[in-house]
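The figures here come from the full heavy-atom set of this structure, side chains too, leaving out hydrogens, waters and symmetry mates. In each ligand, atom 1 is the first atom listed, and ligand 1 is the first ligand listed.
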Amino acid sequence: MLAFARAAAADAALVASLPLDSDGRTWLRLDGPGGSEAWLIGWPPGTGTGWHDHGGSHGAFVTASGLLTEDALAARIPTEGWRTLELAEGVDRQRLLTPGRGRAFGPHHVHQVLNSTARHAVSVHAYYPPLPLMRRYSRSGDVLRLEQTERPEEW
Ligand SMILES: [Fe+2]
């Protein structure tokens with residue numbers, strides 16, 4: 001999936017086909033490899049996902065244009081059975097993803113992705129299996145709180 005995301009991110013015609021909207025994120029569904037779910041996503045300045053997981057799916061994403069920041073937790077977060085969780089010190093990781101840079105992640109990955117720059121960014125994302133759900137979290141200092149679980153019909 002990372003190779004797919006990298007190739008799609010390098011496809012200038014594909015990236016240019018994504019409509020951009022200064023008021024919010026835009027999406028274009030792609031045919032992901034091997035039954036994966038894939039998206040081209042446009043990020044206006046200041047937009048971000050908020051903290052979330054991927055419902056147990058693996059994933060990969062690569063910046064195609066602009067600059068994205070990923071804040072991630074280097075900790076294995078239990079998927080069920082808690083409402084708030086105090087994070088250990090030192091689990092925060094931040095990556096700046098310039099065009100062509102990205103990452104793959106495993107089924108327990110919790111992160112947020114944001115465009116904190118003044119220009120639009122575009123990225124390619126792939127998930128396998130296709131996202132069954134996403135858990136959304138809020139973060140206050142070291143405390144992570146489960147806010148809601150979203151199903152595909154809600155996004
Ligand atoms: Fe994500």
Verdict with supporting geometry, His54 and His125, side chain to side chain donor-acceptor pair (under 3.5 Å):
CA-CA 12 Å; His54 309 88; His125 301 247; over 6 Å; no
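For the residue pair His109/Glu70, the side-chain donor-acceptor check at 3.5 Å is satisfied. For the residue pair His52/Arg136, the side-chain donor-acceptor check at 3.5 Å is not satisfied. In this model, a donor atom of one side chain and an acceptor atom of the other lie less than 3.5 Å apart for Ser123 and Trp43.
Of the listed residues (Thr63, Thr117, Thr69, Leu68), just one forms a side chain to side chain contact (heavy atoms under 4.5 Å, CB included) with Leu96, and that residue is Thr69.
Note on the Fe ion (ligand 1): protein N/O/S atoms under 2.8 Å are His52 NE2, His54 NE2, His111 NE2.
In this structure, Tyr127 and Phe105 have tilted ring planes: the angle between them lies in the 30° to 60° band.
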